[in-house]
Amino acid sequence: MKFMKLGSRPDTFYTAEAVRSVSSEVSSDLIVQVTGSRYLLHKFPLLSKCLRLQRLCSESPESSQHQIVQLPDFPGGVEAFELCAKFCYGITITISAYNIVAARCAADYLQMTEDVEKGNLIYKLEVFFTSCLLHGWKDAIVTLQSTKAFPLWSEDLGITSRCIEAIASKVLTHPSKVSLSHSYSRRERDDVSCNGAESQRLRPASKGWWAEDMAELGIDLYWRTMMAVKSGGKIPSNLIGEALKIYAARWLPNISRERDFNKQVGSDSDSDSTNETTSKHRLLLETIVSLLPAEKGAVTCSFLLKLLKAANILNASSSSKMELTRRASLQLEEATVRDLLIPSISLANDTVYDVDLVITILEQFMLQGQSPPTSPPRSKLGFERRRSRSAENIDLEFQESRRSSSASHSSKLKVAKLVDGYLQEIARDVNLPLSKFITLAEAIPDFSRLDHDDLYRAIDIYLKAHPDLNKSERKRLCRALDCKKLSVEACMHAAQNEFLPLRVVVQVLFFEQARAAMGGGKVTELPGNIKALLAAHNIDPSRPTAALSTTTSIQAEDQWSVSGFKSPKSKVSTLRMKMAEDELDESDLQSDGLGRSSKFKAFCALPTRPKRMFSKLLSMNRNSSEKN
């Protein structure tokens, strides 16, 4: 840090009976009162350099001994006044970035200009400020920080604007050419005396070397400085985003994990200090949102969702929430399930997480409209498209135009896995309405889910957490589930799931038996009637199904157990129970697009082994009903 020494006399100020005086052979003749403190001084050294004291003394009546002068609202208080008084007496004072703003404001208040005396204090401070402090990185940062105590004075004197311009110019300079600065993380001193000795200066190590130092600024000064940096147009948007992330980590509390804080924000019994702190954090967050670069990917989706969590808790403005929601939807494929777990603070809603906010993000993501409506077609086995080199060249531009659509398609595949994982987390909430669960489940296009195992797991968790659902509600819940896209393990679990509707269990058993008949080894080729039935449902039983995902953390009671699944009794008992409580009525069959006659035809078209199994099940159900 740079400093400047003025004067050569030793310090002779002392305190006697709450009065500050200076040792001198000449008796004092001036009393100056500054913010409750009294100084017993001499007219000659002070009036010769301070035009304001000259005018005040000429206007006030002289007493027999001492003339009294009042200096109300003195900038910098007694410390700044004493600094100016010592300069008048020729006593040694030290000026640095920490006190130059207070000294400059006090000198301007006392009108210590060149018109009064050549080489006055204002002139010396200006020379030191412009030639030394503005050329040093840390000095400019500290000086700008100190202007916060004198905002109006600093603005009028141009101190604030000149510091911001100096800082922005250094940020815009290539790191290799900035030699008067250092990384904040190193916490090294860079002491430079204007009169001589200079310590070894450190060079910044990276392009983002300035972010941590600037994070020490208050939000108002930070906003102005960042706007100056952004207006330069030389800093990449990702570096701007990283700087904002550092600043948010420095000043925003980690309130997203504190459930108790959520209730405090929404309550009416908050103390004044809590309200004031919340208002400051709200202003800080909204300012960070306003500084976010417009380019997509400048900040991570995780950071955007963390800001959205804080905005939700701090009750930020609707415009800030909408902006964060819009930006997060553009990068939703980068998010994790944990990022989407935004606490709910609504007093009218008892749900643990804010599902409505996630629904809004998902809807905006789906409205981007860049993805193809169906999955890319798969080439048939043994068939290859042969194209000439000239044809490939002609179609090159078309392929380039579809590249963005392919990327969007892959992002929707990622979002589908993300939403299914999110559904598994929120399904445990006993207060989660069925309508919101269904809205999220059905918001994903069918082509985005390559398999439905994760969706089935989420439905299973919801059914266990909400055992009071009626038959109609359970059917609505399973409406988005496609049994053809369930793996063998999922089918085995669903076949004995007591919470599933009967129609779903029957479909699972049918598709499982058809797939087993195709891959069992005893049937070389399916009969023509089975092929026709499977083709009508777009089923390929020979196609392997993806294994269950193990990336999602699931509680022990939600894990699927395959013990006993190999025994047919478990499936038989489950289906018998389902048929006893939920008979296949006309409305159920028609809702699936098949009448009784078509169901019977499909049953007759089954291979021998599946047909015997269904015959046994139906006969057992008939016998049990006759006994009753």
Side-chain angles (χ1 to χ4, degrees), residues 337 375-376 378 381 410 412-425 427 441-442 444-464 474 477-521 523 526 530 533-535 537-568 570-572 574-575 578 592 606-607 609-610 613:
V337 174
S375 58
R378 297 178 179 270
L381 184 62
S410 63
K412 287 196 175 184
L413 296 181
K414 296 178 182 178
V415 170
K417 297 290 291 184
L418 173 67
V419 171
D420 289 346
Y422 178 73
L423 286 172
Q424 295 174 38
E425 292 295 331
E442 295 182 348
I444 301 298
D446 183 64
F447 75 87
S448 297
R449 286 193 176 100
L450 300 181
D451 65 78
H452 279 220
D453 287 356
D454 289 337
L455 177 61
Y456 170 69
R457 181 185 286 114
I459 292 175
D460 180 53
I461 295 173
Y462 190 89
L463 288 171
K464 291 178 181 178
R474 285 186 282 121
L477 178 64
C478 298
R479 189 168 53 193
L481 186 64
D482 189 351
C483 299
K484 299 188 297 294
K485 292 187 177 183
L486 292 178
S487 65
V488 176
E489 185 179 358
C491 288
M492 294 174 68
H493 185 277
Q496 70 163 5
N497 195 330
E498 300 178 356
F499 296 97
L500 289 177
L502 172 62
R503 178 170 55 88
V504 177
V505 176
V506 171
Q507 289 178 355
V508 168
L509 287 173
F510 169 75
F511 293 126
E512 182 185 358
Q513 292 301 318
R515 183 162 47 196
M518 184 64 180
V523 182
L526 288 177
I530 294 298
L533 179 64
L534 296 180
H537 289 273
N538 296 322
I539 307 171
D540 185 7
S542 63
R543 177 182 171 186
T545 311
L548 286 175
S549 173
T550 57
T551 57
T552 308
S553 59
I554 306 174
Q555 296 181 2
E557 62 269 18
D558 296 327
Q559 294 283 358
W560 296 349
S561 174
V562 296
S563 59
F565 278 6
K566 296 183 179 180
S567 173
S570 59
K571 298 179 182 179
V572 171
T574 300
L575 189 58
K578 302 297 294 184
D592 195 33
L606 285 174
R609 287 185 299 167
M613 178 181 179

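Only heavy atoms go into these numbers, but all of them, side chains included; no hydrogens, no water, no symmetry mates.
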For this session: Considering only NZ, NE, NH1 and NH2 on the basic side and carboxylate oxygens on the acidic side, decide whether R457 and D454 come within less than 4.0 Å.
Result: yes
[X] side, atom [atom1]; [Y] side, atom [atom2] - distance, nearest 0.5 Å:
{"X": "S487", "Y": "E512", "atom1": "OG", "atom2": "CD", "value": "10.0 Å"}
{"X": "K417", "Y": "D453", "atom1": "NZ", "atom2": "CG", "value": "7.5 Å"}
{"X": "I444", "Y": "D420", "atom1": "CD1", "atom2": "CG", "value": "7.0 Å"}
{"X": "E489", "Y": "M492", "atom1": "CD", "atom2": "CE", "value": "8.0 Å"}
{"X": "L418", "Y": "L413", "atom1": "CG", "atom2": "CG", "value": "12.5 Å"}
{"X": "E425", "Y": "I461", "atom1": "CD", "atom2": "CD1", "value": "7.5 Å"}

Exercise. Does D446 have any side-chain contact (heavy atoms from CB on, under 4.5 Å) partners at least two apart in sequence or in another chain, and if so, which?
Worked result: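 Applying side-chain contact (heavy atoms from CB on, under 4.5 Å) to D446 gives H452, D482, K485.
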For this session: Answer yes or no: is there a side-chain heavy-atom contact under 4.5 Å between Y456 and L500?
Result: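 Yes, at least one pair of side-chain atoms sits under 4.5 Å.
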For this session: Find out whether D460 and H493 are in side-chain contact, i.e. whether some heavy atom of one side chain is under 4.5 Å from a heavy atom of the other.
Result: yes
Please name the pair of heavy atoms, one in [X] and one in [Y], separated by the smallest distance, quoted to 0.1 Å.
{"X": "A416", "Y": "S448", "result": "CB-O, 3.4 Å"}
{"X": "Q507", "Y": "C483", "result": "OE1-SG, 3.6 Å"}
{"X": "P501", "Y": "C478", "result": "CD-SG, 3.6 Å"}

Problem set entry | Identified side chain to side chain contact (heavy atoms under 4.5 Å, CB included) partner of I459 from the options N497, L477, V504, L423 | L477
Problem set entry | Working for side chain to side chain contact (heavy atoms under 4.5 Å, CB included), residues D451 and L486 | CA-CA 6 Å; D451 65 78; L486 292 178; over 6 Å; no
For this session: With sequence neighbours left out, write down each residue that passes ring-ring contact (aromatic ring centres under 6.0 Å, His included) with Y422, or none if nothing qualifies.
Result: none
